[in-house]
Amino acid sequence: MKTIDELLHEGVEGKRVFVRADLNVPLDGTTITDDGRIRAVVPTVEALADAGARVVVASHLGRPKGAPDPAFSLAPAAARLGELLGADVAFATDTVGDSATETVAGLGNGQVAVLENLRFNPGETAKDDAERGAFADRLAALADLYVGDGFGAVHRKHASVYDLPARLPHAAGHLIATEVGVLKKLTDDVQRPYVVALGGAKVSDKLGVIDHLLEKADRILIGGGMAYTFLKAQGHEVGISLLQEDQIPAVQEYLARAKERGVEFVLPVDVLVASEFPDLKTKAPANPTTVAADAIPADEEGLDIGPETRKLYASKLADAATVFWNGPMGVFEHPDYAEGTKAVAQALVDSPAFTVVGGGDSAAAVRTLGFDENAFGHISTGGGASLEYLEGKTLPGLAALED
């Protein structure tokens, strides 16, 4: 895989460089609530601009239905990128239309433009190869070179991620090179003990990675909404907690395999419960109670791991040499249910291990809860991409960057 450093060595002055970034940031109206993904692409954009390239940044945001939708405009992200670069950033109000063509044509050496949301065009996400390819052809007309740096999208077979690199000389940006290097430390050259902490809502989202990690990890800690399917699989009452009944057979099989292979599976011993889901908008006090994990009342739901589980998980992380964490331990957006996620994050901060936060809600939680990002070995920008890589899947966006 060619890197941006090699591209810069060959020279990019005066060339139009298409940078597929991941500016898919959370918005509250037009206010960005977490700019981590924008900050992550700055080193690549800055390096190209400093070398005299005419930089064309493109990304998706949210899930618009193949047509313009003001709620998903990249305008706020473009403005924030300009602030971080300390330079004016032009913004095209379409993807391959007149505005994009004129905006790119107006760039001088070292200047940067952002195109409107790629998913406003149905060709970006089309299942049909010809439709996707036609959109990639129009994007290719805007550039001379391609740099892939949107790690959060590399698991998608989309036009700007998969088809466009085949049409232009291409290289991996700084972010993708870093992400792949980190993930190799979790798959090819693992320092042990290797401990994995998995949370989040649905166990179905994590089955593939659990399957793969049973061959790699020494210890797996389970929290979040997915924990209740594991507890139910062990025969415990979980009340009205989030439950994927259809996944119980798979979970039982994984627990049996873990025992056979000597992989330690650690489940909550106590949980915070309440009779209704908390109000995340007003953050009104929820007044949860703590119960043993095998004694959840039939009319209540588990919403966070309890204090004994926090201590247990911290102890299980303390002796690790490598840690991968993906998924919050509870409804961290509400202060009454944030302590479990906070405890796991703090355990990673305190650990001498190489620690990786696997993107998505985990990365958002780290920032929301006020942790210093530099206290972790690496915070990924791609939750889904990280998980699929760890599952051993071929990621279309990485395959497209291979020479």
Distance flag, aromatic centroids of Tyr254 and Phe265, threshold under 6.0 Å: no
Crowding at CG, Asp246 (>12 non-hydrogen neighbours, <6.0 Å): yes
Any side-chain donor near an acceptor of the partner, Asp149 and Thr44, under 3.5 Å: yes
Arg54 with Glu13: basic N within carboxylate O range, under 4.0 Å: no
More than 12 heavy atoms from other groups under 6.0 Å of CD on Gln234: yes
Sub-4.5 Å side-chain heavy-atom contact between Arg219 and Leu317: no
Lys2 (side chain) donor-acceptor with Glu402 (main chain) under 3.5 angstrom: no
Candidates Thr355, Val195, Val356 - the one meeting side-chain contact (heavy atoms from CB on, under 4.5 Å) with Leu348: Thr355
Whether Tyr146 and Phe18 hold their rings parallel, tilted or perpendicular, with breakpoints at 30° and 60°: parallel
Partner of Phe135 by side-chain contact (heavy atoms from CB on, under 4.5 Å), out of Val96, Thr125, Asp163: Val96
Lys185 to Phe354 six-membered ring, cation-pi geometry met (6.0 Å, 45°): yes
Distance-only donor-acceptor check, side chains Arg20 and His158, under 3.5 Å: no
Cationic N near anionic O, under 4.0 Å, Arg132 to Asp137: no
Within 6.0 Å of CG in Asp128, more than 12 heavy atoms from elsewhere: yes
Salt bridge Lys281-Glu333, side-chain N to carboxylate O under 4.0 Å: no
Other residues, nucleotides, ligands: >12 heavy atoms within 6.0 Å of Arg192 CZ: yes
Asn326 versus Ser362, side-chain donor and acceptor atoms under 3.5 Å: no
Side-chain ion pair, Arg39 and Asp35, N-O less than 4.0 Å: yes
Sub-4.5 Å side-chain heavy-atom contact between Val266 and Leu312: yes
Thr341 side-chain N/O to Pro328 backbone N/O, donor-acceptor pair under 3.5 Å: no
Glu301 side chain reached by Phe277 side chain, heavy atoms, under 4.5 Å: yes
Asp98 CG: over 12 foreign heavy atoms closer than 6.0 Å: no
Polar side chain donor-acceptor pair, Gln191 to Thr322, under 3.5 angstrom: no
Charged N-O contact under 4.0 Å between Arg257 and Glu260: no
Carboxylate-amine/guanidinium proximity below 4.0 Å for Glu215 and Arg261: yes
Lys/Arg N to Asp/Glu carboxylate O, Glu264 vs Lys316, below 4.0 Å: yes
Approximate separation, where rounding is to 0.5 Å, of His174 NE2 and Leu48 CG: 7.5 Å
